Amino acid sequence: MKKQFLLGALLLAGLCWTPSAEAQQVIEATPETFNEAVTALRKAVKKQKEDVELRLHGGTYYLAQPLVIDESLGGKNGKSVKIASVKGEEAILSGGVEIKGWEQVHGNLYKAPFNHDQKLRTLIVGGKRARMAGMNEPVQALGSYGQIEITGEESWAFGAGTTPEGILFEQSSEVMPYRNPEDVELIQNNVWTEKILCAADVHKWGKQIAIELQQPYSAILNSLAWAGKTKFEGSFLIRNAFELLDEPGEFYFDRAEQTIYYMSHGENPADVAVIAPMTEGLLRIKGTSCSSNVENVTIENLTFSYDAWNLVEVEGSHGFGGIQSLGLAMKYIPNGNWHPTKYNSVDVPEGTIQVENATGIRILRNKFLHLGSAVSVNLSNDVTNSEVMGNFFNDCLGNAVAVGHPQHYEIGDGDEGAVYAPGIEGLCENINISNNLIRNVSLDFRQVEAIVGFFCKSVKIDHNDIYGTPYGAIALGWWWGNAGIPESKNAGNNSISYNRCGHTHTMLTDGGIIYMLGRQPGSVARRNYVFDGPRCIYPDDGSSGWLIEENFVVSLYQLWLHLDSDRNYDILIRNNHVKDNRFCNSGNGTIVEGTKIYRNIPFGDEALAIQDASGLSHEYHDLMPRREYDPIVVIPTVGAKRKAVF
């Protein structure tokens with residue numbers, strides 16, 4: 001009787017319910033019936049006794065807000081829920097809207113109306129990413145000006161201090177009083193970091209230009225230590241100003257005029273699809289607590305495209321930055337030393353798919369294209385027994401996958417700055433991140449590796465194919481040997497194995513192709529093929545618990561192993577195959593043995609077997625392109641561009 005009632009409701013909504021050998025209950029939907037289908041899905045799982053699948057027919061499903069899967073949409077009673085494309089069709093979950101009404105201003109410059117109240121950081125024209133109007137070469141700053149007092153009582157501060165009000169420049173043809181200065185961004189990199197500072201205003205002082213920075217987030221960024229420091233007399237690249245719109249492929253959104261400007265390559269934008277991303281994130285899989293998880297949800301064979309992210313926001317101010325990787329600064333620290341906070345001064349931004357307090361989540365064979373978020377798939381807190389497998393990532397401003405959180409140094413501490421309360425905070429465990437094809441990621445947030453993990457346990461990062469990253473390919477772990485706080489014992493039994501990673505560090509230096517941090521007993525890095533990058537395998541300060549064996553490393557004039565701290569211990573490096581036997585081993589009792597060197601001889605069968613078995617497993621070879629994807633450039637020339645060396 002209940003099935004008859006559900007079938008009648010679906011037919012009235014224009015949906016279809018069918019029994020299936022693959023899934024015992026199937027709900028089908030089109031873009032026009034998607035909302036009704038989600039409602040039907042919620043009813044179907046309320047007292048679930050069988051697996052349920054929501055099948056999406058081909059087409060674009062515009063999401064004005066992310067789809068939220070909470071406990072009411074998760075699997076019940078040991079049964080599962082799947083959301084997937086109909087076989088042979090492509091369902092696109094999109095946060096973008098098409099821009100129409102283009103008219104020529106002059107030459108290759110076009111404009112169109114666009115009703116939007118936020119900065120626009122991404123525009124996709126005819127399937128290709130345009131870039132924010134900006135400089136091609138960085139400009140030298142004259143130094144900081146002004147001073148802002150911080151009492152330490154602010155919600156965003158871990159102490160009192162001062163911060164500069166802004167940055168001074170010589171006026172020039174590219175540095176001037178810009179219109180809509182609050183949308184202007186300034187980029188500066190320093191070794192392994194790259195921050196984005198946002199302007200609040202621009203002032204003309206004689207022949208000098210003073211760019212006032214948005215506060216308080218600029219104060220937070222300017223308090224960072226180590227390579228996170230702002231060099232006020234260094235170089236900055238300035239972008240997102242109408243006055244800098246002068247090259248094909250650039251765009252600018254004038255919020256005051258509610259008008260998008262685009263400088264074409266000769267094409268008329270009215271003749272192609274022009275998409276402006278609007279929605280911040282597309283899917284949220286979130287339970288309530290460690291004792292109330294979303295369970296047994298599979299997301300399969302969908303395309304996620306055109307989401308937006310307007311950078312870190314603190315009290316109305318924006319920017320991007322952190323001392324390392326995806327651990328982004330959220331608190332002002334007077335001396336910049338984040339270690340005593342037990343990393344409660346940092347957070348990780350939400351992803352296109354954000355997963356928290358969930359178990360049995362499977363993200364399989366999806367495409368992640370033309371994204372603006374800082375992370376495509378983020379398994380950040382209390383995610384267990386889950387997998388991210390067989391996905392394709394390309395043209396993403398942020399990285400592909402993140403797992404865990406820097407604040408998982410301690411679980412359930414509830415100290416000041418804690419993102420997750422006791423009972424909600426939980427370690428990520430038993431995660432499989434494998435057989436993903438990753439290209440053109442971290443295009444704008446370039447200090448972030450393609451796959452990042454923090455404190456986590458029993459995580460497998462295996463059989464991934466990663467190429468052409470601005471920084472490293474894989475980073476796993478957190479906490480440094482010089483931190484002055486005890487090592488965390490939360491991480492361990494992890495694997496970085498059978499990956500194919502190369503041509504990394506195209507923009508930033510330091511780090512490694514494969515990078516480890518902290519105590520991780522029982523962990524292995526095995527049979528990876530890594531090539532063309534610096535510090536190819538890099539257990540950083542305080543790393544321990546690793547077996548690094550049978551890897552094949554091809555990178556001339558670079559360290560294949562960088563183990564430069566005597567605070568590293570309990571690491572065995574054995575039976576690796578290298579083109580160039582340059583390495584550093586300053587660890588405490590760390591052992592390097594059985595290395596096979598091919599400096600002036602052909603690679604042996606053992607090495608070539610490692611190469612052949614690396615990357616995607618055979619059943620995922622269909623993901624590989626017939627030719628390599630063209631590189632996508634969002635930030636021109638900023639950074640130390642490194643030539644490939646083979």
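In this text the structure is predicted, and so the values were computed from the model without any measurement.
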TODO: Go through the side-chain N and O atoms of S80 and D51 and say whether any donor and acceptor fall under 3.5 Å apart.
DONE: yes

To the nearest 0.5 Å, atom CG of D444 lies from atom CD of E185 at 7.0 Å

What verdict does the side-chain hydrogen bond (donor to acceptor under 3.5 Å, both in side chains) test give for E90 and S85, after you've listed the backbone C-alpha separation in whole Å, the side-chain angles of each residue and the deciding distance to 0.1 Å? CA-CA 6 Å; E90 183 180 22; S85 290; over 6 Å; no

Between G615 and N435, the two heavy atoms sitting closest are O-OD1, 4.2 Å

Any sub-3.5 Å donor-acceptor pair from E250's side-chain atoms to P248's backbone N or O? no

For this session: State plainly whether the residues E593 and R574 are in salt-bridge range, i.e. N to O under 4.0 Å.
Result: no

Checklist entry - Will you find, in the side chains of S543 and Q520, an N or O donor that is under 3.5 Å from an N or O acceptor? => result no

request  = Indicate, with yes or no, if the rings of W560 and F531 have centres closer together than 6.0 Å.
outcome  = no

Tell me, yes or no, whether the heavy-atom count around D612 atom CG, taken from other residues, nucleotides or ligands under 6.0 Å, exceeds 12.
yes

Contact check, side chains of W546 and M516, non-hydrogen atoms, under 4.5 Å: yes

Looking only at heavy atoms, the pair that brings A276 and L120 closest together is CB-CD1, 4.0 Å

message: For E550, is there an ion pair with R527 - N to carboxylate O distance below 4.0 angstrom?
response: yes

Checking T469, T504, I466, N499 against I513 for side-chain contact (heavy atoms from CB on, under 4.5 Å), the one that qualifies is T504

Check your understanding: Taking 4.0 angstrom as the limit, do R439 and D395 come out as a salt bridge?
Key -> no

Please determine whether a side-chain nitrogen of the Lys or Arg among R365 and E300 lies less than 4.0 Å from a carboxylate oxygen of the Asp or Glu. no

Of all heavy-atom pairs linking P539 and I537, the shortest is CD-O, 3.6 Å

Would you say that T193 contacts K195 through its side chain, given a criterion of any heavy-atom pair below 4.5 Å between the two side chains? no

> Is the backbone N or O of I635 less than 3.5 Å from a side-chain atom of R131, with the two atoms forming a donor-acceptor pair by type?
Replying inline: no

Heavy-atom nearest pair, N568 first then G542, reads OD1-N, 2.7 Å

Check your understanding: With a 4.5 Å heavy-atom cut-off, do V403 and I433 have their side chains touching?
Key -> yes

| query | Are any non-hydrogen side-chain atoms of L283 and I353 less than 4.5 angstrom apart? | reply | yes

The single option from T590, I573, V553, I571 that satisfies side-chain contact (heavy atoms from CB on, under 4.5 Å) with L561 is I573

| query | With a 3.5 Å cut-off and no angle check, do the side chains of Y598 and H577 form a donor-acceptor pair? | reply | yes

Verify whether one side chain among S497 and R526 offers a donor that lies under 3.5 Å from an acceptor in the other. no

Exercise. Please answer whether the main-chain N or O of N391 pairs with a side-chain N or O of N436 as donor and acceptor at a distance below 3.5 Å.
Key: yes

So, the side chain of N399 versus the backbone of V401: is there a donor-acceptor pair under 3.5 Å, distance only?
yes

When every non-hydrogen atom of G96 is compared with those of I275, the smallest separation belongs to CA-CG2, 3.8 Å

Note to self: Could you check whether any side-chain N or O of T303 sits under 3.5 Å from a backbone N or O of I92, counting only pairs where one atom can act as donor and the other as acceptor?
What the structure shows: no

* To do: Could you tell me whether H562 and F583 have their ring centroids closer than 6.0 angstrom?
  => no

Using only heavy-atom distances, determine whether the side chains of D462 and S434 contain a donor-acceptor pair under 3.5 Å. no

Side chain to side chain contact (heavy atoms under 4.5 Å, CB included) between Y306 and L282, worked out:
CA-CA 9 Å; Y306 311 119; L282 298 175; over 6 Å; no

Interatomic distance, CG@L508 vs CZ@R446, rounded to 0.5 Å, equals 6.0 Å

Is the side chain of H505 donor-acceptor paired with the backbone N or O of D510 at a distance under 3.5 Å, no angle test? yes

Q.
Taking the side chain as everything from C-beta on, heavy atoms only, tell me whether L397 gets closer than 4.5 Å to R129.
A. yes

dist S305:OG -> L371:CG (nearest 0.5 Å) comes out at 6.0 Å

D307 and T352: side chain donor to acceptor below 3.5 Å:
yes

Q) With a 4.0 Å cut-off, would you call E350 and R284 a salt bridge? A) yes

Rounded to the nearest 0.5 angstrom, the OG-CG distance for S380 and D347 is 8.5 Å

*Please state whether the rings of H405 and H408 are parallel, tilted or perpendicular, taking 30° and 60° as the class boundaries.*
tilted

N357 (side chain) donor-acceptor with N381 (main chain) under 3.5 angstrom: no

Point to revise | Non-hydrogen side-chain atoms of Q558 and R582 separated by less than 4.5 Å | key: no

Taking D540 for the side chain and L517 for the main chain, is one N or O donor matched with an acceptor at less than 3.5 Å? no

- Between Y515 and Q324, is a side-chain hydrogen bond (donor to acceptor under 3.5 Å, both in side chains) present by the stated rule, with each step listed? CA-CA 12 Å; Y515 176 89; Q324 186 160 311; 3.0 Å; yes

- Could you label the plane-to-plane angle of the F455 and Y343 rings as parallel, tilted or perpendicular, counting under 30° as parallel and over 60° as perpendicular? tilted

In this structure, CD1 of I601 is separated from NZ of K596 (nearest 0.5 Å) by 11.0 Å

Quiz item: Can you find a heavy atom in the side chain of N366 that is under 4.5 Å from one in the side chain of I299?
Solution: yes

dist I69:CD1 -> I285:CD1 (nearest 0.5 Å) comes out at 4.5 Å

**Item:** Distance-only polar pair, side chains of D564 and S586, donor-acceptor under 3.5 Å
**Value:** no

- request: Without swapping roles, check the side chain of N528 against the backbone of Y498 for a donor-acceptor pair under 3.5 Å.
  value: yes

So, N394 side chain and C396 main chain: donor-acceptor pair closer than 3.5 Å or not?
no

- Any side-chain donor-acceptor pair under 3.5 Å between S94 and T60? no

Between F392 and the options Y629, Y620, F368, the ring pair (Phe, Tyr, Trp, His ring centres under 6.0 Å) test singles out Y629

In terms of heavy-atom contacts, S373 and W309 come closest through CA-CB, 3.8 Å

Is the closest side-chain donor-acceptor distance between T384 and E429 under 3.5 Å?
-> no

| request: Tell me yes or no: between the side chains of E98 and Y62, is some donor less than 3.5 Å from an acceptor? | output: no

Margin query: If you define the side chain from C-beta out and look only at heavy atoms, does anything of R599 sit under 4.5 Å from N581?
Written below: no

Which of N385, T359, D382 passes side-chain hydrogen bond (donor to acceptor under 3.5 Å, both in side chains) with N293? It is D382

Kindly say whether the aromatic ring centers of F552 and F603 come within a distance under 6.0 Å. yes

ask   = For K460, does the NZ atom sit with more than 12 other heavy atoms under 6.0 Å from it, leaving out its own atoms?
value = no

